[in-house]
Number of protein chains: 2
Amino acid sequence: MSKTETTKKPTKAGTYHHGDLRAALLEAAETVLEENGIEGFSLRAVAKQAGVSHAAPAHHFGDTAGLLTALAAVGYQRFMAAQEARQANAEKNASSQMQALGLGYVDFALQHPALFRLVFSSDRTNYEDETLAKPANQAFEKLVDGTRNVAGIDPYTDNEAMIDVLAAWAMVHGLADLLNAGRLGPLQRMSDAEREEVIKKIVGRLRR
Amino acid sequence: MSKTETTKKPTKAGTYHHGDLRAALLEAAETVLEENGIEGFSLRAVAKQAGVSHAAPAHHFGDTAGLLTALAAVGYQRFMAAQEARQANAEKNASSQMQALGLGYVDFALQHPALFRLVFSSDRTNYEDETLAKPANQAFEKLVDGTRNVAGIDPYTDNEAMIDVLAAWAMVHGLADLLNAGRLGPLQRMSDAEREEVIKKIVGRLRR
DNA sequence: ATCGAATCTTGACAATGTCAGGATCAAAAA
DNA sequence: TTTTTGATCCTGACATTGTCAAGATTCGAT
């Protein structure tokens, strides 16, 4: 950014070294992913979007799986941000906060469809990588916390409460994934408000 | 099969024309899909597996999306077969038959993981194609029928019953998808019998 | 028996992921 | 200040992929 202009300018910034290419590549990757979908994702398209050579990403992420793994970690930030936004606008009692988690889950799927697939249904991410496993566990912990507050019991010590956790996760995830896949035709064409009411009713089928 | 052996033998059958290449390609495609996963799926690998030239599939399916769409239709046959197998071994009352639908759903996901993804979470299938839309609707009708038998009301005329349909679908689909993605660690390492008990408990959270 | 259409092959092209080797730059070492 | 070392980024190459065009082969109807 602050470097003097050199003769050749292989990058937008005019410097041979980019400065923060890793972050720029992640941003470009998110753009390419949302535009082309996960099956049309291309490493070279990411490089072009970032204005660097086609082999540049390898130095920061290794291969495609490495880049997609790092991008999935970013996806979890978007995911938890969507949930926290819902929680901030919801009443502070346990059950409203729990419902907000579910609505945020669906929000994320609808606002970032390709990222949602990358995070939850891709073979090209490596969950053994700590940079991805950590936010994934954080997101799960939010669900466990919410359930603990509603049920009044720690799911890690009470099996029935852990069943509640898994049931809530499965229900909301299935709803989000089917919506994302366009498999719930009538729901897709509703207004946001209408759809939200139906979603609340569906999730309301979750009882003990 | 019954043709006389010709001099050159570009195909396994020894004939220039294969006879039923379309079916052979579908079979090969299913093999390649389960071996390489959906993201490693390759048209040329399918052709090689079937013993024909790399461009042969185009004459029967157009492009990759065409082949995958036809393969997804096959997937729905596997899917409904898994459900019917469960129903055949279940008690004949409405609620047991409904539970069997769910268990068959999960069976399909675990027995055909890549096919499951192709059917439910792929951008490369065309649901406007009648050959795919038809079995998809058939599968949905099985769910509607099951719910009608349990609730005693037609979901197409009663909104609450349709909510039941969607809730059951979302719950079971989410469970199957998360299991398929390996995101439910503890459940994965259980024996089939143990896992089935937990699954029944989770789905049991579905009440009205 | 012949002709047209369907079936399948061969060859080519652009695009892709990945690797090897070289160019450039920043910052520590001298 | 100069040198050096390692990180950063580029160029070029290769095998693989999907798709198209054109030719070869076979089937079926006339």
Side-chain angles (χ1 to χ4, degrees), chain A residues 1-26 28-29 32-33 35-69 71 123-126, chain B residues 1-26 28-29 32-33 36-69 71 122-126:
Chain A
M1 288 294 198
S2 60
K3 295 289 158 256
T4 59
E5 294 295 318
T6 55
T7 54
K8 307 173 65 175
K9 42 175 187 170
T11 71
K12 293 176 182 176
T15 59
Y16 191 94
H17 282 10
H18 184 285
D20 195 5
L21 183 55
R22 182 187 164 87
L25 285 173
L26 276 178
V32 170
L33 182 72
E35 280 181 358
N36 300 351
I38 196 173
E39 338 220 69
F41 184 82
S42 153
L43 248 192
R44 288 171 107 107
V46 172
K48 183 173 295 184
Q49 173 79 20
V52 293
S53 79
H54 63 260
H59 293 276
H60 292 275
F61 302 100
D63 55 2
T64 305
L67 174 54
L68 288 179
T69 296
L71 186 55
D123 286 336
R124 296 160 61 149
T125 51
N126 179 19
Chain B
M1 286 293 199
S2 60
K3 293 287 159 265
T4 58
E5 295 295 317
T6 56
T7 54
K8 305 173 67 174
K9 42 176 186 172
T11 71
K12 293 176 181 177
T15 60
Y16 190 93
H17 281 10
H18 184 284
D20 195 3
L21 183 55
R22 182 187 163 88
L25 285 172
L26 276 177
V32 170
L33 182 70
N36 300 353
I38 196 173
E39 337 221 71
F41 184 83
S42 154
L43 248 193
R44 289 171 107 108
V46 171
K48 183 172 295 183
Q49 171 80 18
V52 293
S53 78
H54 63 261
H59 292 277
H60 292 274
F61 301 101
D63 54 4
T64 305
L67 174 54
L68 288 179
T69 295
L71 186 56
S122 176
D123 286 336
R124 297 160 63 151
T125 52
N126 179 18

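Per chain, numbering begins at 1; letters A, B, ... match sequence-line order.
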Subject >> dT16(D) phosphate, OP1 or OP2, under 4.0 Å from S42(B) side-chain N/O >> reply: no
**OP:** Would you classify A56(A) as touching base, sugar-phosphate or nothing, given that sugar-phosphate means primed atoms plus P, OP1 and OP2, and contacts are heavy atoms under 4.0 Å?
**Re:** sugar-phosphate
Original post:
With a 4.5 Å limit on heavy-atom distance, are the side chains of F41(A) and L67(A) in contact?
Top reply: yes
**OP:** Could you work out which one of dT19(D), dT9(C), dC10(D) sits closest to the side chain of A55(A)?
**Re:** dC10(D)
Original post:
Any side-chain N or O of H54(A) less than 4.0 Å from the OP1 or OP2 oxygen of dT18(C)?
Top reply: no
Subject >> Whole-Å gap separating P (dT17(D)) and CD1 (I38(B)) >> reply: 17 Å
Original post:
When rounded to the nearest 0.5 angstrom, what distance separates NZ in K48(A) from CG in L43(A)?
Top reply: 13.0 Å
Subject >> Proximal nucleotide (of dG18(D), dT9(C), dT7(C)) relative to the L43(B) side chain >> reply: dG18(D)
Original post:
Which of the following nucleotides, dT7(C), dG18(D), dA13(D), is nearest to the side chain of R44(A)?
Top reply: dA13(D)
Subject >> Spatial distance of atom CG (L25(A)) from atom NE2 (H60(A)) [nearest 0.5 Å] >> reply: 6.0 Å
Subject >> Nearest to side-chain heavy atoms of T64(A), which nucleotide of dT9(C), dG17(C), dT19(D) >> reply: dG17(C)
**OP:** Can you figure out which of dT11(D), dG18(D), dC8(C) approaches the side chain of H59(B) most closely?
**Re:** dC8(C)
Subject >> Spacing of CD1 belonging to I38(A) relative to CG belonging to L71(A), to within rounding of 0.5 Å >> reply: 9.0 Å
